[in-house]
Amino acid sequence: MSDSPVSYGKNGSIGVISINNPPVNALSQKVRQGISDALEESLGDNSKILLIMCKGRTFIAGADITELGKPPVPPHLPDIITRMENHPKPIVMALHGNALGGGLELAMAGHYRCAIPGTKLGLPEVKLGLLPGAGGTQRLPRLVGPENALDMIVSGNPINAEKALKMGLIDHLLDEDIEKSAIAYANQLIQSNSDVRPTGKISVTTPSNSNLFSEYRNRVARKTRGQIAPDFIIKLVELACSSDIIAGQEKEREYFLECRSSPQSAALRHVFFAERATSKLPDIPSDTQPRDISSAGVIGAGTMGGGIAMCFANAGIPVKLIDTDSDAVARGMQIIEKNYANSMKRGRFTQEKVDAAMSCITASTEFESLKEADIVIEAVFENMAVKEKVFSQMDEVCKKGAILASNTSYLDIDQLADSTNRAKDVIGSHFFSPANVMKLLEIVRATRTAPDVVQTLIKLSRKIGKVPVAVGLCHGFVGNRMLKGYGRQAQLLLLEGASPQQIDSVMEGWGLAMGPLAVSDLAGLDIGYRSRRDQGLVSGELPEFALPDALVELDRLGQKSSAGYYQYDKETRARQIDPEVEALLKDIAARFEITRQTISEEVILDRLLLALVNEGTRILEEGIATRPSDIDIVYLNGYGFPAWRGGPMFHADTVGLDTVVEKITALYNSTQDDFWKPSKLLENLVEKGDTLSSLNNK
Ligand code: T1G
């Protein structure tokens, strides 16, 4: 076992199997082979008990995800697990860091489990479009009962060692020195003549509630809409209550293989690596030293400013929230307090966590109060003149080396940098509303932004619970620029004959969290209206804005005025189809001499999704995004695109780029609209028989 990541040695009467496969001790083929060899070797020595533990920062964090897309190679994990469970000598598993997926399945095949405090234990396979494929759905219910097992496996969320001890998933809490205390625990088991305890032999406690599984299925239906793994998981946990481990594992294997070969698992595995790739920038060395961010400032106490302040406070970073108007400051703090109250009501935050966060926020009307902040983010009115004035004030007040960031959604960061004498410290930090909830943070690199400033924002994003995507300068950066084409197609489809409900239900049925018209009503139609007037566009002049312009002029601003593309119930905010909108559409279509007709679901999907794909590839060829998977991450984390579809770029590869280019070309030929000219990048990839994913390893 010389170059094996697994070593085996004796410590007194204990046979110690030690795994060292950085960074997360994933169960690669070599690790599985090493465990298998060590089990074999232990049969022939005088060890009385086996102890399995890992080097490095964590216990086994699961199967090696990079292997999941390839044909499985022996020894197979389920076989090793069965051998472990039936081993003649007791096996102790010592856990630390993250015992996840196949790692926890291996641990459950052990006869005793111990962990250091704070260890995370979980079966997150569902987040990869999978289900535990090595006995997890059968052993976990045997150890913690079906209710707890359903919660852990369907959510994929881990629990900590303390909760695991209470649940019966582990038997003993170790001291922080895992090696020493695990050896002591194993010796204790030897002293007490502890025998093997095959988990598979435990019979599951029958659920107290006979409708447990049907009720659970209904309870998670909305959240798991469109995904195949959750329903299989519920079936398997139910099976564990009535079958032996062999039959249960057979069915589990069948369902696991179906999930593993599914397009949605391929998509979710893509997303797993894509989320981690966004921190890697080809032109900024990964060891670039970030600046220290120990305090922050936010200018503008509106909805966005308050939400941004909460992000810092939730991460324990002291933040000053300022606004020129004391009433605005008071209102801002009220919004923050209300947000925290809601989070507590939903059980997301404890009172202690809220108190700690609130203690990090101080509100003021004094610009001077920002002078010591390491980073200051302006979230003032989306108007260049207003923001330029704020940046020149930031330049005067903020200390040397402070990062000056703008939360603008569209505006030119270079122009804002020109209002300062420190362009290298200026950057865009585009949060998405509600800023304290949405995970996406577009980090907008201006021409002169220093590399260490970019690196600082990347590291800071992870610290405040955001997924960072570094983007280049253009109108709308990545997400909003693509959204413009997507929204325009929705408007043109309305004039051509579709209804708001039809478009939204097609897109939501495909997996979007919300359809484009419902999103507009949520955001408020007046924002776009004001922006178009600022740009000098005449109301109602362009077909793609005729309806929203008309709605705003009828004071139908969306949810905030209980009417927009839909009527909204004043209490529940439930959307209702409004015949008045249909009548408006008829008038506007007639004015533009458009003959309305029936629009098919396929046309709606093609026009909206291909709009994202074509514009996204133009963004790539202009270098505004580093790689296609970055664009996917923008859409998953900022626009409600379903993760189990992988993102717009991954979706294009799934459809096939030749089909994509064929459809876009047909749209160009039928509309002569330059928007539908296929991008050069798409045409080149089709010519070479390549995929967008082939560009992800930059
Ligand atoms: N396989 C391969 N690579 C992995 C990996 C895995 N399971 N987990 C992490 N990595 C890489 C990751 O890409 C990154 O690489 C580096 O390790 C550090 O990760 C049979 C089939 C453990 C909580 O889903 O949740 O078991 O970017 O940045 O923030 O039923 O990694 O450095 O090149 O995330 O400290 C189930 C996935 C698999 C756990 C640590 N297990 N991993 O977080 O570091 S399926 C999972 C995580 C399975 C069985 C089934 C997290 C972490 P690079 P990181 P971190």
Side-chain angles (χ1 to χ4, degrees), residues 5 19 21-32 35 54 56-70 72-73 75-82 84 95-109 118-140 149 152-153 155-160 229 232-233 236 249 252-262 265-266 268-281 286-287 458-459 461-463 465-468 627 629-630 633 643 696-698:
I19 298 161
N21 184 33
V24 296
N25 285 312
L27 277 164
S28 63
Q29 191 281 335
K30 279 190 171 178
V31 170
R32 299 195 304 272
I35 295 171
C54 291
R57 60 186 173 123
T58 179
F59 186 73
I60 297 165
D64 185 331
I65 302 172
T66 59
E67 288 183 0
L68 291 174
K70 302 163 194 161
V73 178
H76 301 303
L77 184 57
D79 301 337
I80 292 176
I81 280 184
T82 303
M84 277 178 58
L95 314 180
H96 73 293
N98 294 283
L100 300 175
L104 182 57
E105 291 176 293
L106 197 83
M108 291 192 289
T119 301
K120 294 242 183 81
L121 299 91
L123 293 173
E125 288 87 340
V126 71
K127 295 180 179 177
L128 297 170
L130 300 169
L131 50 87
T137 65
Q138 304 303 302
R139 286 187 179 82
L140 190 61
M152 283 183 70
I153 309 174
S155 73
N157 296 331
I159 59 173
N160 63 28
F232 280 148
I233 292 167
L236 287 166
Q249 282 196 151
E252 180 191 79
R253 193 78 194 147
E254 177 195 324
Y255 289 161
F256 171 75
L257 293 175
E258 188 168 334
C259 289
R260 197 185 66 180
S261 59
S262 71
S265 181
L268 288 166
R269 297 195 305 264
H270 155 76
V271 170
F272 176 84
F273 292 111
E275 271 193 344
R276 287 152 177 83
T278 64
S279 305
K280 297 165 188 160
L281 301 176
S286 57
D287 60 359
I458 294 254
K459 300 293 180 198
S461 301
R462 302 283 182 192
K463 186 167 181 191
K466 299 297 175 192
V467 178
R627 55 181 75 84
S629 62
D630 280 13
I633 294 305
N696 281 334
N697 302 322
K698 274 177 79 171

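When a ligand or atom number is given, it counts from 1 through the structure's own listing order.
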Note: heavy atom closest to atom 27 (O) of ligand 1, options E252, K280, R276, belongs to K280
Margin query: Looking at ligand 1, is there an atom of it that comes within less than 4.0 Å of some heavy atom belonging to R57?
Written below: yes
With heavy atoms and a 4.0 Å threshold, my read on which part of V24 contacts ligand 1 is side chain
Close N or O approach (I65, ligand 1; < 3.5 Å):
yes
Does some side-chain heavy atom of P78 sit less than 4.5 Å from a side-chain heavy atom of Q249? no
So do I65 and F273 actually touch side chain to side chain, heavy atoms under 4.5 Å?
-> yes
The atoms of ligand 1 lying under 4.0 Å from a heavy atom of L128, numbered in the order shown, are 24 (O), 38 (C), 45 (S)
request  = Evaluate side-chain contact (heavy atoms from CB on, under 4.5 Å) for E67 paired with S28, printing each intermediate quantity in order.
outcome  = CA-CA 8 Å; E67 288 183 0; S28 63; 3.7 Å; yes
Counting from 1 in the order shown, the ligand 1 atoms closer than 4.0 Å to a non-hydrogen atom of D64 are 1 (N), 2 (C)
At under 4.0 Å between heavy atoms, what of P124 touches ligand 1? The answer is side chain
### Task
Measure the shortest side-chain to side-chain distance between V73 and R32 over non-hydrogen atoms and say whether it is less than 4.5 angstrom.
yes
Kindly indicate, with the supporting measurements, whether the criterion side-chain contact (heavy atoms from CB on, under 4.5 Å) is fulfilled by T119 and F59.
CA-CA 9 Å; T119 301; F59 186 73; 5.9 Å; no
Within the 4.0 Å heavy-atom cut-off, what T58 brings close to ligand 1 is neither
The answer for which part of K120 has a heavy atom under 4.0 Å from ligand 1 is neither
Checklist entry - Is there a protein heavy atom at a distance of less than 4.0 Å from atom 32 (O) of ligand 1? => result no
For a 4.5 angstrom cut-off between non-hydrogen side-chain atoms, does F256 reach E125? no
Handout entry: Side chain proximity check, R260 to L257, heavy atoms < 4.5 angstrom
Key = yes
Distance flag for atom 43 (O) of ligand 1, protein heavy atom under 4.0 Å: no
So the atoms of ligand 1 within less than 4.0 Å of a heavy atom of G62 turn out to be 26 (O), 41 (N)
Short version for A61: what comes under 4.0 Å of ligand 1, heavy atoms counted, is both
Tested for side-chain contact (heavy atoms from CB on, under 4.5 Å) against T58, the lone hit among L95, N98, L100 is N98
Would you confirm whether any non-hydrogen atom of the protein falls under 4.0 Å from atom 17 (O) of ligand 1?
yes
**OP:** Using distance alone, decide if ligand 1 has a nitrogen or oxygen within less than 3.5 Å of any nitrogen or oxygen in A63.
**Re:** yes
For this session: Please tell me if the side chains of I80 and L27 come closer than 4.5 Å, counting only heavy atoms from C-beta onward.
Result: no
| query | Mind checking whether G133 has a heavy atom under 4.0 Å from ligand 1? | reply | yes
Any Q29 side-chain heavy atom under 4.5 Å of P75 side chain:
yes
Derivation and outcome, side-chain contact (heavy atoms from CB on, under 4.5 Å), residues L106 and L77
CA-CA 8 Å; L106 197 83; L77 184 57; 3.9 Å; yes
Per-atom filter on ligand 1: closer than 4.0 angstrom to a heavy atom of P23 are 16 (C), 17 (O)
Query raised in the report: Near K127 NZ, under 6.0 Å, is it more than 12 heavy atoms from other residues, nucleotides or ligands?
Result: yes
Contact check: N98 vs ligand 1, nitrogen or oxygen atoms, below 3.5 angstrom:
no
**Prompt:** Within a strict 4.5 Å, meaning less than it, do heavy atoms of the T278 and R462 side chains meet?
**Reply:** yes
Near P132 (heavy-atom distance under 4.0 Å), the atoms of ligand 1 are 30 (O)
Atoms of ligand 1 under 4.0 Å from any heavy atom of G102, numbered from 1 in the order shown, are 26 (O), 48 (C), 49 (C)
Within 4.0 Å of some non-hydrogen atom of F273, the atoms of ligand 1 are 13 (O)
Counting from 1 in the order shown, the ligand 1 atoms closer than 4.0 Å to a non-hydrogen atom of E105 are 20 (C), 30 (O), 49 (C)
